[in-house]
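Each remark here refers to the structure printed beneath this line.
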Amino acid sequence: RFHGRITLHVVIVHVVLRRSHSEAAEQIELRGDETLLDVGCGPGLLAIGFAPFVGRCTGLDPEAAMITAAKAAAAEAGVTLSLIHGRIEKFSITQTYDVITIGRALHWLERSATLTVLERILAPDSGRILICRASNTATPEAAWVKPYQEVRRAWASEPDGKHYRIDGKEWFADSCFRALGETSVTEQRQITVPDLIGRALSRSNTSHEILGEGQTRFEAEIAAALEPFVQDGVLVEHIVARASIFGRLPCGDQHCSDS
């Protein structure tokens with residue numbers, strides 16, 4: 001996963017996602033008093049973003065370093081988070097949650113065990129699961145995206161990244177949950193070369209552990225690929241943030257009765 005890395009892009013993407021969180025909150029009709037669990041919360045990006053829209057927000061992560069990072073980030077953002085060190089597959093807490101969010105963690109979860117826990121802890125009827133993700137898009141103003149991705153792929157342990165691109169509908173297929181819709185938002189922002197280097201290092205397939213002694217050369221290649229697009233010290237970034245929304249199947253459905 002994040003292997004204990006905390007990077008600058010968390011703060012940058014968080015600002016973008018605050019807007020998409022607002023739109024998701026409207027689409028799932030949050031009242032503001034709900035309980036929310038962020039599975040695989042990492043440094044708290046999703047949990048911090050959603051905290052203003054719910055009554056109680058909890059982050060769950062198997063890495064102690066991520067829990068520490070989320071605690072610090074929440075304090076800096078001025079939001080209250082409850083944080084639990086552990087895995088969703090072994091989550092023993094009996095309370096239910098109105099909203100469960102999952103960001104860059106779906107591919108790390110043991111599907112069968114996770115679905116069993118989600119069925120137990122998601123609030124009946126109105127409970128919702130949000131699969132959240134964000135990506136940058138190549139545009140004439142953000143032409144750096146392609147060369148940046150090419151450098152990453154050249155160094156990545158899994159160049160095509162298929163392991164990380166899981167379709168939520170396929171993941172929830174033949175379970176007690178169904179897709180209800182999707183919300184998305186696009187925002188243009190400014191970003192720096194160090195930010196993008198940090199983002200690349202935060203990816204599991206181009207992490208410090210993967211790059212080893214080649215990290216310095218990797219960072220230099222990223223910087224060289226981005227340099228032609230830098231203006232006044234920054235680059236333009238177009239981020240698309242999406243949230244796929246899932247809920248329980250109607251009572252009596254055969255998948256529910258089979259589970």
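As the structure is a prediction and not an experimental result, all values here were calculated from the model.
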Margin query: Do Trp155 and Leu226 land in one hydrophobic cluster if side-chain heavy atoms of ILVMFWY residues count as linked below 4.5 Å?
Written below: yes
Next item on the list: Check each of Leu37, Leu180, Leu118, Val39 against Ile129 using the side-chain contact (heavy atoms from CB on, under 4.5 Å) test, and report the only one that passes.
Entry: Leu118
Notebook entry, point to check: For residues Trp144 and Glu237, is any side-chain donor paired with an opposing acceptor at under 3.5 Å?
Noted result: no
Next item on the list: Go through the side-chain N and O atoms of Thr183 and Arg242 and say whether any donor and acceptor fall under 3.5 Å apart.
Entry: no
Notebook entry, point to check: After noting the C-alpha distance and the side-chain angles of Phe172 and Phe177, does the key distance pass the ring pair (Phe, Tyr, Trp, His ring centres under 6.0 Å) rule?
Noted result: CA-CA 6 Å; Phe172 282 105; Phe177 305 100; 5.8 Å; yes
Check: With a 4.5 Å limit on heavy-atom distance, are the side chains of Leu109 and Ile88 in contact?
Finding: yes
Margin query: Could you tell me if the side chain of Asn136 sits less than 4.5 Å from the side chain of Arg199, heavy atoms only?
Written below: yes
To check you understand the geometry: which heavy-atom pair defines the closest contact between [X] and [Y], and what is its length?
X	Y	answer
Ala200	Arg152	CB-CD, 3.9 Å
Pro52	Gly49	CD-O, 3.4 Å
Gly247	Arg128	CA-NH1, 4.1 Å

Using atom types as modelled and distance alone, determine if a side-chain donor or acceptor of [X] lies under 3.5 Å from a backbone N or O of [Y].
X	Y	result
Glu89	Glu110	yes
Asn205	Ser157	no
Arg248	Gly127	no

Check: With the threshold set at 4.0 Å, does a side-chain nitrogen-carboxylate oxygen contact exist between Glu219 and Arg217?
Finding: no
Check: Salt bridge check: are Lys169 and Asp167 linked by an N-O gap of less than 4.0 Å?
Finding: no
Next item on the list: Take Ser244 and Arg133, measure what side-chain hydrogen bond (donor to acceptor under 3.5 Å, both in side chains) needs, and give me the verdict at the end.
Entry: CA-CA 9 Å; Ser244 298; Arg133 58 207 181 277; 3.1 Å; yes
Counting only pairs under 3.5 Å, give me each side-chain donor-acceptor contact of residues 94-102, with atom names and distances, residues two or more places apart or in other chains.
from, atom 1, to, atom 2, distance (Å)
Asp98, OD2, Thr35, N, 2.9
Asp98, OD2, Thr35, OG1, 3.2
Thr101, OG1, Asp38, OD1, 2.8

